[in-house]
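Written below as structure tokens is the structure these notes are about.
Everything numeric here is computed off the predicted structure, so don't read it as measured data. Just so you know, these numbers use all the heavy atoms, side chains as well, and skip hydrogens, waters and symmetry mates.
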Amino acid sequence: MDRKVADLLNQQVNKEFYSAYLYLDMANYYIDLDLDGFGNWYTIQAQEERDHAMLFVQYLQNNGEKVTLEAIDKPDKVFETPLDPLVAAAEHERYVTDLIHKIYEAAYEVKDFRTMQFLDWFVKEQGEEEKNADGMVRKYQLFGSDAKSLYLLNQELAARVYSAPSLVL
């Protein structure tokens, strides 16, 4: 595997674990506000990000590459309103999409078709993640100021259940 591609994949492991930390921080924020449905949503997001990190670990291992684990930064966002984490999550998903695209571009430059195929799932996944994050912002903007609507949205988010990614490596 090309060294630049392997390094970017290793960096992505750390970025995915950071994403898990960030979403767990958001879950804790909402749970502290007694918005347990929102907390559930972001707890599941944290689980998904952890699984994404492990998919990158497994891919590196399957390709004979050393996995280098770095320190995971503490989330540094300060949330002042219930909308703040939603906006931050949408911004973060766009950031992660950019990271995935950069790895894909590096793999493309060296004709690493196996890595490109591996990343195809993440490209699609990021489209879904951005859509979901933007949808959460829009829903909150539409309904968040009305207590009854916020209650119903919280109940909707509480119904989300975790399902592991189905990516074959």
Side-chain angles (χ1 to χ4, degrees), residues 8-59 70 72-107 116 118-167:
L8 288 170
L9 289 166
N10 258 299
Q11 290 170 21
Q12 193 63 31
V13 170
N14 182 271
K15 302 293 186 185
E16 298 290 341
F17 279 127
Y18 173 78
S19 295
Y21 268 37
L22 179 63
Y23 288 139
L24 187 57
D25 192 46
M26 291 175 182
N28 291 336
Y29 172 80
Y30 284 118
I31 289 167
D32 288 346
L33 293 178
D34 290 325
L35 290 170
D36 294 343
F38 284 82
N40 175 64
W41 178 273
Y42 283 105
T43 298
I44 290 172
Q45 282 300 110
Q47 291 172 308
E48 283 187 4
E49 300 304 336
R50 181 202 61 219
D51 285 350
H52 294 171
M54 293 308 297
L55 288 170
F56 280 100
V57 167
Q58 185 180 5
Y59 182 76
E70 300 292 337
I72 302 168
D73 292 336
K74 179 182 176 182
D76 61 353
K77 299 280 187 194
V78 176
F79 307 123
E80 296 180 12
T81 72
L83 179 62
D84 290 347
L86 303 175
V87 171
E91 291 170 357
H92 185 73
E93 288 302 337
R94 285 188 286 280
Y95 167 72
V96 172
T97 297
D98 186 57
L99 294 171
I100 298 295
H101 289 175
K102 286 180 178 164
I103 303 169
Y104 201 103
E105 182 179 5
M116 290 164 56
F118 167 71
L119 292 171
D120 283 342
W121 183 87
F122 288 95
V123 170
K124 180 178 180 275
E125 174 71 5
Q126 281 309 119
E128 293 172 10
E129 295 286 12
E130 285 187 37
K131 180 180 181 254
N132 287 339
D134 290 339
M136 294 279 285
V137 170
R138 281 191 306 278
K139 284 181 181 181
Y140 190 87
Q141 288 171 332
L142 286 170
F143 308 119
S145 61
D146 176 69
K148 290 177 186 174
S149 297
L150 179 60
Y151 176 80
L152 291 173
L153 181 56
N154 190 60
Q155 292 303 107
E156 176 186 322
L157 299 177
R160 183 181 187 199
V161 295
Y162 175 72
S163 62
S166 57
L167 173 63

Q: Find out whether Leu35 and Trp41 are in side-chain contact, i.e. whether some heavy atom of one side chain is under 4.5 Å from a heavy atom of the other.
A: no
**Q.** pair Gln11-Leu8: side-chain heavy atoms closer than 4.5 Å
**A.** yes
(Q) Once salt bridge (charged side-chain N to carboxylate O under 4.0 Å, His left out) is applied, do any residues pair with Asp98, and if so which ones, sequence neighbours excluded? (A) Lys102
Q: Let me know which of His92, Gln47, Arg50 forms a side-chain contact (heavy atoms from CB on, under 4.5 Å) with Tyr23.
A: His92
Q.
Checking the side chain of Asn14 only, and the main-chain atoms of Glu70 only, is there a donor and an acceptor separated by less than 3.5 Å?
A. yes
(Q) Could you check whether Glu130 and Gln126, counting side-chain N and O atoms only, form a donor-acceptor pair closer than 3.5 Å? (A) no
Q) Roughly how far apart are Glu129 CD and Thr97 OG1, rounded to 0.5 Å? A) 8.5 Å
Q. Do Thr43 and Asn40 have a side chain donor and acceptor closer than 3.5 Å?
A. no
Q) Which of parallel (below 30°), tilted (30 to 60°) and perpendicular (above 60°) describes Tyr42 and Tyr30? A) parallel
Q: Please round to the nearest 0.5 Å and tell me the distance separating atom CD of Glu93 and atom NZ of Lys131.
A: 14.0 Å
Q: Kindly write out the residues that satisfy ring pair (Phe, Tyr, Trp, His ring centres under 6.0 Å) with Tyr29, not counting sequence neighbours, or none if the list is empty.
A: Phe79
Q: Taking all non-hydrogen atoms of both residues into account, name the closest pair between Asp25 and Lys77 and its distance.
A: OD2-O, 4.3 Å
Q) How many angstroms lie between atom CD of Glu125 and atom CG of Asn132, to the nearest 0.5 angstrom? A) 8.5 Å
Q: Report the distance from atom CG of Leu22 to atom CG of Asp76, rounding to the nearest 0.5 Å.
A: 8.5 Å
Q: From the options Met136, Lys139, Met26, select the one residue that forms a side-chain contact (heavy atoms from CB on, under 4.5 Å) with Leu86.
A: Met136
Q: To the nearest 0.5 Å, tell me how far Tyr21 OH sits from Ile72 CD1.
A: 4.5 Å
Q) Do the non-hydrogen side-chain atoms of Asp120 and Tyr104 ever get within less than 4.5 Å of each other? A) yes
Q) Looking at Tyr18, Phe122, Phe17, which hits ring-ring contact (aromatic ring centres under 6.0 Å, His included) with His52? A) Phe122
(Q) Would you compute the distance between atom CG of Leu33 and atom CG of Asn28 and round it to the nearest 0.5 angstrom? (A) 11.0 Å
Q. Any side-chain heavy atom of Phe56 sitting closer than 4.5 Å to one from Leu119?
A. yes
**Q.** Thr81 side chain near Asp84 side chain, heavy-atom distance below 4.5 Å
**A.** yes
Q: Carefully, step by step, assess Leu150 and Tyr140 under the rule side-chain contact (heavy atoms from CB on, under 4.5 Å).
A: CA-CA 8 Å; Leu150 179 60; Tyr140 190 87; 3.7 Å; yes
Q) Do Val96 and Lys15 have side-chain heavy atoms sitting under 4.5 Å apart? A) no
Q. Is the Phe118 ring parallel, tilted or perpendicular to the Tyr59 ring (thresholds 30°, 60°)?
A. parallel
